[in-house]
Amino acid sequence: MGIEVDHAQFVRIINLFKSQTTWEKVLSEAAEQTREELEDKTIDALYDSTLATGRKIQSVSGGLEASIETEVEVRDQTVRLRVKSNHPAAGILEYGGPSSFPPWGKNSAIAEYSKYMGVAPFMVAKGVYDNQPFTSPTRFMTRGCESALEDLEKNVYAAVQKELSGKKS
């Protein structure tokens, strides 16, 4: 599961340069400078999110937060800045959807969460099924990306200024 932002939104700034290699250099430098802000803003968006039940998302084990990471990829004349998570809850929180009765056996995620909550695993699973807390999308990753766009644009501008000052020397 991941969300990505590519360089197409920054053509107005980058048109100062005609070389594709300069574009890639500027954009990859700006993307690297933005990675930490993107991760922080995605985590902030996660905990600012509200479930379909009206309750705010809270950290239980910290696993979802710890799974959020960013990466910069330069390939085929494209620079990609991504935020992603391999946590099982990331997809349903981002996009929403109905919950089937979740597995609640000894090695399940529900069993792990029930230990933190002090409730029997079956009751946690029944609560998820009965309350359907994930039916509405939270778009926490999308909102994290949107929040980081301003940082990315500032970093692109700074990289352009750096590149321009280097060319004058």
Side-chain angles (χ1 to χ4, degrees), residues 1-10 24 27-155:
M1 143 100 253
I3 304 291
E4 66 183 56
V5 177
D6 68 35
H7 69 276
Q9 298 173 354
F10 299 99
E24 288 175 8
L27 290 169
S28 61
E29 184 178 318
E32 285 292 344
Q33 293 294 320
T34 309
R35 285 179 69 171
E36 191 173 318
E37 290 101 336
L38 174 56
E39 188 173 311
D40 291 345
K41 289 182 180 199
T42 301
I43 292 168
D44 290 346
L46 171 65
Y47 294 124
D48 285 342
S49 298
T50 304
L51 297 171
T53 58
R55 299 179 75 186
K56 289 270 191 195
I57 292 177
Q58 297 175 348
S59 176
V60 176
S61 69
L64 177 55
E65 180 179 328
S67 75
I68 295 170
E69 57 184 45
T70 58
E71 71 180 8
V72 175
E73 177 188 27
V74 181
R75 188 177 50 154
D76 299 329
Q77 300 181 344
T78 301
V79 177
R80 288 190 171 89
L81 171 61
R82 290 190 179 111
V83 61
K84 62 185 184 174
S85 170
N86 63 358
H87 193 280
I92 198 162
L93 284 171
E94 178 70 17
Y95 300 110
S99 299
S100 58
F101 199 94
W104 52 278
K106 186 168 74 170
N107 295 321
S108 68
I110 292 292
E112 178 186 346
Y113 291 125
S114 71
K115 290 176 192 172
Y116 291 104
M117 300 164 80
V119 178
F122 175 80
M123 295 309 294
V124 174
K126 183 173 179 353
V128 168
Y129 182 75
D130 289 347
N131 295 315
Q132 292 294 314
F134 308 116
T135 54
S136 299
T138 64
R139 302 282 189 217
F140 76 97
M141 294 178 103
T142 302
R143 290 184 298 118
C145 287
E146 289 169 350
S147 295
L149 277 176
E150 189 175 313
D151 297 317
L152 181 58
E153 189 164 340
K154 286 176 186 174
N155 289 331

- Message: Donor-acceptor pair, distance only, cut-off 3.5 Å: does the side chain of Glu94 make one with the backbone of Phe140?
- Response: yes
- Query: Does any N or O in the side chain of Thr53 come within less than 3.5 Å of the main-chain N or O of Pro133, such that one atom is a donor and the other an acceptor?
  - Reply: no
- Item | Glu146 with Arg143: basic N within carboxylate O range, under 4.0 Å | no
- Message: Please check: side-chain N/O of Glu69 versus main-chain N/O of Lys84, any donor-acceptor pairing under 3.5 Å?
- Response: no
- Item | Minimal non-hydrogen separation, Pro98 against Thr135, with atom names | CA-CG2, 4.3 Å
- Between Leu51 and Ser136, is any pair of side-chain heavy atoms under 4.5 Å apart? no
- Item | Closest heavy-atom pair and its distance - Glu24, Val74 | OE1-CG1, 4.1 Å
- What's the spacing between Met141 CE and Ile43 CD1 if we round to 0.5 Å? 10.0 Å
- Message: Looking at every heavy atom in both Ser114 and Val119, which two are closest together, and how far apart are they?
- Response: CB-O, 2.9 Å
- Query: Can you check whether Thr70 reaches Thr42 side chain to side chain, under 4.5 Å on heavy atoms?
  - Reply: no
- Hey, what do you get for CG (Asp44) to CD (Glu39), rounding to the nearest 0.5 Å? 11.0 Å
- Taking atom CD of Glu150 as the centre, report whether more than 12 heavy atoms of other residues, nucleotides or ligands fall under 6.0 Å from it. no
- Does Tyr129 have its ring centroid less than 6.0 Å away from the ring centroid of Phe122? no
- Could you grab the distance from atom NZ of Lys56 to atom CG of Leu46, nearest 0.5 Å is fine? 10.5 Å
- Message: Looking only at side-chain N and O atoms, does Thr34 offer a donor or acceptor that is under 3.5 Å from a partner on Asn155?
- Response: yes
- Item | Asp151/Lys41 under salt bridge (charged side-chain N to carboxylate O under 4.0 Å, His left out): CA gap, chis, key distance, verdict | CA-CA 10 Å; Asp151 297 317; Lys41 289 182 180 199; 2.8 Å; yes
- Message: Looking at every heavy atom in both Tyr47 and Gln58, which two are closest together, and how far apart are they?
- Response: CE2-C, 4.0 Å
- Item | Nearest-0.5 Å distance, CG of residue Asp40 to OG of residue Ser147 | 11.5 Å
- Query: Should we count CD of Glu73 as having more than 12 external heavy atoms under 6.0 Å?
  - Reply: yes
- Message: Can you tell me how far apart NZ (Lys126) and CG (Asn131) are? Round to the nearest 0.5 Å.
- Response: 9.0 Å
- Is the shortest heavy-atom distance from the side chain of Val128 to the side chain of Phe134 under 4.5 Å? yes
- Please lay out, stage by stage, how Ser67 and Leu64 fare under the test side chain to side chain contact (heavy atoms under 4.5 Å, CB included). CA-CA 5 Å; Ser67 75; Leu64 177 55; 3.8 Å; yes
- Item | Closest non-hydrogen atom pair between Ala31 and Val79, with its separation | CB-CG1, 4.3 Å
- Atom pair CG/CG of Leu81 and Leu38 - distance to nearest 0.5 Å: 5.0 Å
- Message: Does any part of the side chain of Tyr95, heavy atoms only, come nearer than 4.5 Å to the side chain of Arg139, both counted from C-beta?
- Response: yes
- Message: Just to verify, what does Glu65 make a salt bridge (charged side-chain N to carboxylate O under 4.0 Å, His left out) with, not counting sequence neighbours?
- Response: none
- Message: Quick check: closest heavy atoms across Ile110 and Pro121, and the distance to 0.1 Å?
- Response: CG2-O, 3.2 Å
